Structure formats: C-alpha cells, structure tokens
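In what follows, chains carry the letters A, B, and so on, assigned in the order in which the sequence lines appear, proteins first and then strands, with residues in each chain numbered from 1. If you're wondering where the values come from, they're calculated on a predicted model, not measured in any experiment.
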Amino acid sequence: MPDANFDSSRSVPTPQAVPLAAYAHDRLRAEATEILAATGLVTRESVTLALPKPSIPADLAFPVFAAAKAAGQNPGDFSQRLADAAVVPEGMLIGAVTAQGGFVNFAVHPAAFAAAVIEEVEAGGAAYGNDKIVGAGQKTVVEFSSPNIARKMHVGHLRSTVIGHSLVKILAALGYDVISDNHLGDWGTQFGTLLAAIDNDHLTPWDDPDPVQSLVEVYARFNSAAKDDPTLMDSARAWFKRLEDGDPWARQTWQRLIDLTLVEFDKTYRRLGVAFDTTHGESYFEPMLAPVVQEALDKKVAHIEPGGAVVVEFGEESRLPSCLLRKTDGATLYQTRDAATCLYRWREYAPVRNIYVVGAEQKLHFQQVFEIVRRMGYKEIADRSIHIAFGAIVDAGGQRFSMRKGTAIFLEEVLDEAVTRARALMQASMAEGRTEITPEEVDSVSEMLGIGAVIYADLYQGPERGIKFDWDKILANEGNTGAYLQYTHARCRSILRKALPAPGAETLLLVSPEEQAVLKQLSRLPHAIREAGANFAPSTVADWTYNLAKAFNDFYHSCPVLKAETSGLREARLALVAAVAQGLKNGLGLLGIGAPERM
RNA sequence: GCACCCGUAGCUCAGUGGAUAGAGCGUCUGCCUCCGGAGCAGAAGGCCACUGGUUCGAGUCCAGUCGGGUGCACCA
C-alpha cells in the first residue's frame, strides 16, 4: 500500500541511547538507566524513560508496568523494590530515586544539575541545543515557498515559507546538509494565459508602476473572460505549447515576467530572512520531461492512449486514481514535472530526505508522484520523499482565499500591518517611558516584532490544521505570542546591560524551585530540537521556547537578580539570565524570528 | 461513491501508550516604593464528537458511526 510507505517514511530513526553530543539531559537518562540496571532487577533494554508531567515532582520517570508483569509482581511493589535497591553514586546529576505507584521517579541533584546546565549553555552559545551527530552531514532537500511567477505572494505562501524555513534551520542544527529549494511556478498553462492576453491586447505590463499587480489583474481578467468565451482557454493552451516549443517571442516575454516578479519576491524573502540554496523553478526540469515520460513508457509504468495521452494506471489494489504524464496535445503536466524533479534530486544529491512543504490539497498529487517514481524502479527516493502537508488559511466564514475571485490577502499587506501595529505599540511604550528603546532602533525593531508575530502565529501550532485568518490573532502580542518571547529576551538583555555575569559564578547556588524550573526547561532544548527534526514539527521548538519564557518570567517575579541577597547569588542569577537569553535567542532563531535587544 | 485531514475548556490550540488531560485568549479577583506591567499570581470553565475493541493502562492504537474540511487524469 502506498499509504503505508508514505506514512512510515515520516519518522526519522532517532539516535540510540546517548549521542556523542551528550547534554545534561542525555546524561540524566543514561544515569537513570545505569542505576536501574545496577539493581539487577531489570535489564538495560527494558528501561524506557518518560518525562513526567509538570505536576509530578520528578524530572525523569520509569514506568515499571511491563517490567513488573515480566517479574510477576504488582507494579507498586516492584517500583518500591527498585527504588530501595537503587544506589546513586557520588557525582551524578541524579540526586534521588523514589517510588510512586507504578513509577520509579528520578529527581536531579539541584546544585550539580544547575552547574552542568549553565556550563553547557555557556559552552554551546549559539549552537547550544544542536546535535550534529543526528544528521551526520547527510543530504536533505527541503522544497518550500514555491510561489507562482506573475502573482503576488498571499497568506497561503506564508505557511509554506515559514514552515519550510524553520525546518531548514532545525535540520541544519541536527547536522544535516540541507539544500533549500524554491520550486517556483514558472511553467505551465498559466503562462499561456498571460502570453495570450499580452499578445491579444498588446500589453506592456513591465512598463507599469506595479508590474506584478498588472499581471495579477491581467490574469484575473482573462480568466473571467474565458468563462464566456471558451476559445480563450484554447488560445492560452496554444501559447503554452509555443512556449514549450521554444518560440522566441514567447520565451523572451516569459523571461521578462520571471525577472520582474523575482524582484518583488526577493523583497519579501529579505524581510522574512529567508534564502534558498537553489531556485530551480519548474522550467528548470523541462529538458528532463520527455526522457522521464519515455522511461515511464519503457518500464511499462505508463501507456499511450489512442488519443496520444500518456496515462499511469495504479491498479485496483493501490486505490490511487490514474493520472496523466502527457496531454493529448503533447504538453506535460504538474505530475510529469514533479516526477522529473524527484528523479533529478535523487541523481544530483541522493538525499536521505526529500521534503516538500506544500498545502494539504496536493496530498494525492504527491502520492501519485512518489508511486510513479517507485514503480519506475527508484524505491529509495520514493521512500525518502515526504510531503509535509499543511492546512489552508481561510477567512472568518471558513472560505478559502482566492486569487481569481480577488479575495486573496497578500503577504506584504500582512507584514506591513503587523509592523505598523508593532511600531504603534512601541511608540506608546516610549511615550510612557516603559522601554529603553532608542529612536534609531524603532524602524528595525518594529520590523523584527511585526514579522516575528506573523511567523510565530503560524508556527506555534502544528501544520495539519487549517488556520482561520484573524488579524487580531495573528498580530496579538500578549500570551503565547512571538512578542512575549521577544519581550522576555529583551528583558533578559536589559538586566545584562546593567551587569554582566562574571566568569566562575557559583551556579550551584541556583536551587530554588523557580531557578530549577528554568534550568530544567533550558536543559530540554536538545531534546526539543531532535523531536522537531524527527517529526518535521517546528511547533515543538515554539512550544519549548514559550515554556522557557514562562519559566523565566515566573523566576523574574520571584527572585531579584541585581538585588539578590548575596553577591554570590547575584552572580549565579546573572549567569542564569545570560543562559536564558541565549536559549530564547536560539529557540527563536530556529523559528526564523529575531530576538531584539530592546523593544 | 472512494481516499486523506480535522473533531480536546465559550474561542484558538498543546498533549507521539503511562500518574489528578495542559496553555493562551476571553470572563472574574489580586500585584507597579522593587532588575522593562508586551509581565506575574489566583478563580471559574472538560462524558477529550459517539459506540465498540486491543492493552496492566487509551485523548493517544484498531474498527465502525456522526459532524467539518480537502482531493479524485488533459489546471497547478
């Protein structure tokens, strides 16, 4: 079943036991396993550890149910026997072992843990949380954003762009050699439409003040006219065929459309901090299309129908509807181009993962493409190809935004509005003297905040659900929002401007519940990044970052830093603040969001 | 009709077989003589759509039902 293959490829094997980049979090797990195994009551292999819920006063837990059953004892007794038999040697990060119900609970040694976590955040710096062992330099392709030439990016492109961008960063943090590719929609019948309109009406959109806007309007006009006059679509198809056949005017005009659109896209990408390693639009694969169709025919994956169309039938058992690789008029389709793209990447990179960040409405399309590639004999790349499908952005009434109907909200509009709101808020803070922001910074910081709000509003939740577009929600600045995280970072930096932590602080003094809560959250960044990479889920990192900010703000309100009770504690807390600032910056960075010094 | 996604607090969402299901928004109550109030603390709010099954244990896995969405060859 293609579905089974598709889904199984979604989880990347995670490294066994403790990777070489062993963080305090990893050492805790290793220690717990050793302590349990040393009792002689359970084997190392039978130990699986879980993170207890926050309400449980423990840092790591071993649910004994399965082991107790194997030993023929009831879980409560067995966990007690394990806890009684457990010996915690000196110098461990684990401080105590207790039994509670069917669980053996491990608590950290607060002082040792504090010193270890602060030390590794300081040592890691911007790379804290990374684990290059996981990816070990293996190639991974991430295709994302992929807007269409002669269109404006709208809110739909936002999702692909920010999810893809974050995935690239997360996978790179895990040591993968990532190739980010912008698969531009620069080919297809839509260009026939534009060429037909430009030719018919002798248009010169490149001379207009907003050329892309003109093209969008031309396209919309043509489509509505085509409803009354079906011959218009025929002329569009004919023009696309001419483009494919290399007609000089068609080619030249097409290239102009690409160039003037890319100027606009680049502005948006710069604002979002997004860059690509390759921008292989669909046209790039054009020379590979005929050979792919031929290969599919040779391998009996596809056949020619009487009219001349090339068809792939998947058969009853696969339950996939059949699709075309070549139209009756000889032109190719989306499936043809994506099959060629997939094979190109296999030959060029042989990646361990070939990831497509594309809307959920194209799920069937990718299943078909991957299955075609598999049947052509390229099982490896088919198995390694993954469609990260995200839900559509819809309006308040649940309707999808449509370029053709003119209801689309353009991405630039959203970013501008977000930046405007951020600036207004900051100016209010300035008027009330609640910020240390300087007038010179207002522009750059309001840009960082506005863009951050938009990115975070998308990434804080998983991709599968759709998003109801709501200005107030996307641009919110209280609670679980980008602004909250950025504010917390600015707050840390504000303290650090007043006093820098001296080296050699006695970080083992950080044993209060609030301090320990911050340290525990800090220690879990490596875990969060690995999980995000294994599940292709930036929201895991977003969630970690939010919880770090929350833990820090709680600490901030309970524990004075600059006016701590003793100078030793003051130094230790300064070190903690510096570590939190680093952690927030790293987490935000993985999401593609900037961390401001002041706001 | 077939396939896929979603269904958890009034709303928006976390929760990858483990303990008393968690956040944010909104509502109500407190906290600026103190490192930035875009903050903190507290309260109220749940038949995790429904019915069965697997399991020591199910919001989580399986089957079915009901709701919402998406897709199903000459667009992309």
Side-chain angles (χ1 to χ4, degrees), chain A residues 3 11 50 52-56 58 61 63-66 68-69 74-75 100-103 105 148 185 187-190 193 233 237 282 305 307-313 319-329 331 333-335 337-338 359-365 367-368 389 391-392 394 398 400 422 425-426 428-429 433-437 449 460-462 464-468 470 472-473 476-481 483-484 486-488 490-492 494-496 498-499 531 534-535 537 539-540 542-543 546-547 550 553-554 556-564 573 577 598-599:
Chain A
D3 290 355
S11 72
K53 292 183 190 298
S55 54
I56 306 293
V64 304
F65 304 97
K69 196 180 183 190
N74 82 59
Q100 190 181 339
F103 297 84
N105 286 334
N148 290 324
W187 206 240
T189 311
Q190 50 175 325
T193 303
M233 275 323 288
R237 274 188 286 269
E282 294 183 61
E305 296 221 322
V310 174
V311 177
V312 179
E313 311 242 25
R319 292 190 148 172
L320 286 175
S322 55
C323 69
L324 288 172
L325 283 179
R326 199 174 68 196
K327 297 194 276 186
T328 311
D329 67 2
L333 292 103
Y334 190 36
Q335 275 86 353
R337 299 193 274 277
D338 260 338
E361 68 278 5
Q362 295 188 35
K363 195 151 193 167
L364 175 59
H365 162 75
Q367 286 182 344
Q368 290 172 325
V394 297
R400 303 186 64 176
L425 201 61
M426 214 155 48
S429 291
R434 291 191 278 108
T435 171
E436 299 173 7
I437 194 89
L449 299 184
Y460 89 99
Q461 67 178 71
E464 304 254 306
R465 274 180 215 255
I467 291 183
K468 226 171 241 155
D470 175 350
D472 289 334
K473 193 187 156 207
N477 49 57
E478 287 174 12
N480 189 358
T481 62
Y484 175 77
Q486 292 170 314
Y487 179 79
T488 306
R491 180 178 253 178
C492 290
S494 170
I495 294 174
L496 295 167
K498 296 180 172 72
E531 209 173 80
N535 300 317
S539 64
T540 304
D543 192 55
Y546 173 64
N547 281 304
K550 230 160 93 77
N553 281 316
D554 179 23
Y556 177 88
H557 282 275
S558 326
C559 309
V561 177
L562 297 174
K563 294 180 181 169
R573 284 180 178 166
V577 173
R598 286 173 274 263
M599 62 188 268

Between atom CG in Leu320(A) and atom P in C72(B), what is the gap in whole Å?
-> 13 Å

Remember a base hit wins even if backbone is also touched, and classify Gly391(A) as base, sugar-phosphate or nothing at under 4.0 Å, heavy atoms.
-> nothing

Want to know the stems of RNA chain B: at least 3 consecutive Watson-Crick or G-U pairs with distances under 3.5 Å, which are they?
-> B:1-7 with B:66-72, B:10-13 with B:22-25, B:27-31 with B:39-43, B:49-53 with B:61-65

Toward the 5' end of RNA chain B, by each residue's nearest nucleotide, Ile56(A) or Glu282(A) = Ile56(A)

Given A76(B), is OP1 or OP2 found less than 4.0 Å from the side-chain N or O atoms of Arg337(A)?
-> yes

With sugar-phosphate meaning primed atoms plus P, OP1 and OP2, does Asn105(A) contact a base, only sugar-phosphate, or nothing at under 4.0 Å between heavy atoms?
-> base

Specify the residue among Ser55(A) and Phe103(A) whose closest nucleotide of RNA chain B lies further upstream toward the 5′ end.
-> Phe103(A)

Residue set satisfying side-chain hydrogen bond (donor to acceptor under 3.5 Å, both in side chains) with Ser494(A), at least two apart, ordered chain then number -> Glu436(A), Lys498(A)

Given the C1' atoms of C13(B) and G59(B), what is the spacing between them in whole Å?
-> 14 Å

Gap between atoms CD and C1', on Gln461(A) and A23(B) respectively (whole Å) = 13 Å

Distance, C1' atom - from G36(B) to C31(B), rounded to whole angstrom = 16 Å

Whole-angstrom distance between G15(B) and A23(B), as gauged at atom C1' = 10 Å

The ring-ring contact (aromatic ring centres under 6.0 Å, His included) partners of Tyr556(A) (sequence neighbours excluded) come to none

Is a side-chain donor or acceptor of Arg598(A) paired with a backbone partner of Thr435(A) at a separation under 3.5 angstrom?
-> no

For nucleotides C25(B) and G39(B), find the distance between their C1' atoms and express it as a whole number of Å.
-> 16 Å

Taken in chain and number order and not counting sequence neighbours, the residues that satisfy side-chain hydrogen bond (donor to acceptor under 3.5 Å, both in side chains) with Gln461(A) are none

Lys327(A) has its side chain closest, among C75(B), G36(B), A76(B), to C75(B)

Value rounded to 0.5 Å, distance of OG in Ser429(A) from CE in Met599(A) | 8.0 Å

Can you figure out which of A73(B), C35(B), A76(B) approaches the side chain of Leu562(A) most closely?
-> C35(B)

Could you list the residues that satisfy side-chain hydrogen bond (donor to acceptor under 3.5 Å, both in side chains) with Thr488(A), not counting sequence neighbours?
-> Asn553(A)

Which whole number of Å gives the distance between the P atom of G26(B) and that of A41(B)?
-> 16 Å

For Arg491(A), salt bridge (Lys or Arg N to Asp or Glu O under 4.0 Å) partners two or more places apart | none

Distance test, side-chain N/O of Thr189(A) to OP1/OP2 of A76(B), below 4.0 Å = yes

Any protein N or O atoms within reach of nucleotides 8-11 of chain B? Criterion: under 3.5 Å, listing atom names and distances.
residue	atom	partner	partner atom	Å
U8(B)	O4	Arg465(A)	NH2	3.2

Find every protein N or O atom lying less than 3.5 Å from an N or O atom of nucleotides 28-32 of chain B, and list the pairs.
none

Atom OH of Tyr546(A) to atom P of G15(B): distance rounded to whole Å?
-> 15 Å

C74(B) P sits how many Å from Met233(A) CE, rounded?
-> 12 Å

Atom-pair distance (CD on Gln367(A); C1' on A73(B)), nearest Å = 16 Å

Residues passing the side-chain hydrogen bond (donor to acceptor under 3.5 Å, both in side chains) test with Gln486(A), sequence neighbours excluded, are none

Whole-Å P distance, C48(B) and G22(B) | 14 Å

Nearest-neighbour nucleotide for the Asn480(A) side chain, A73(B), G24(B), G36(B) considered = G24(B)

Within less than 4.0 Å of OP1 or OP2 of C4(B), is there a side-chain N or O belonging to Arg319(A)?
-> no

For C25(B), does the glycosidic angle fall within 90° of 0 (syn) or outside that (anti)?
-> anti

Rounded to whole angstrom units, what separation is found between the CD atom of Glu313(A) and the C1' atom of C72(B)?
-> 14 Å

Classify every nucleotide of nucleotides 37-43 of chain B by which part a protein heavy atom approaches to under 4.0 Å, writing B for the base, S for the sugar-phosphate alone and - for neither, in 5'-to-3' order.
-> SBBSS--

Qualifying residues under ring-ring contact (aromatic ring centres under 6.0 Å, His included), relative to Phe65(A), sequence neighbours excluded = Phe103(A)

Under-3.5 Å donor-acceptor pair between Thr328(A) side chain and C74(B) base = yes

Pick the C1' atom in A9(B) and in G45(B), then give their distance to the nearest Å.
-> 6 Å

Round to a whole Å and report the spacing from CG of Asp472(A) to C1' of G24(B).
-> 15 Å

Take Asp543(A) and Glu531(A), measure what side-chain contact (heavy atoms from CB on, under 4.5 Å) needs, and give me the verdict at the end.
-> CA-CA 12 Å; Asp543(A) 192 55; Glu531(A) 209 173 80; over 6 Å; no

Indicate for each nucleotide in nucleotides 56-70 of chain B, in 5' to 3' sequence, whether protein heavy atoms under 4.0 Å reach the base (B), only the sugar-phosphate (S), or nothing (-).
-> B-------------S

Whole-Å P distance, G64(B) and C2(B) | 11 Å

Spacing between Tyr460(A) atom OH and U12(B) atom P, to the nearest angstrom | 10 Å

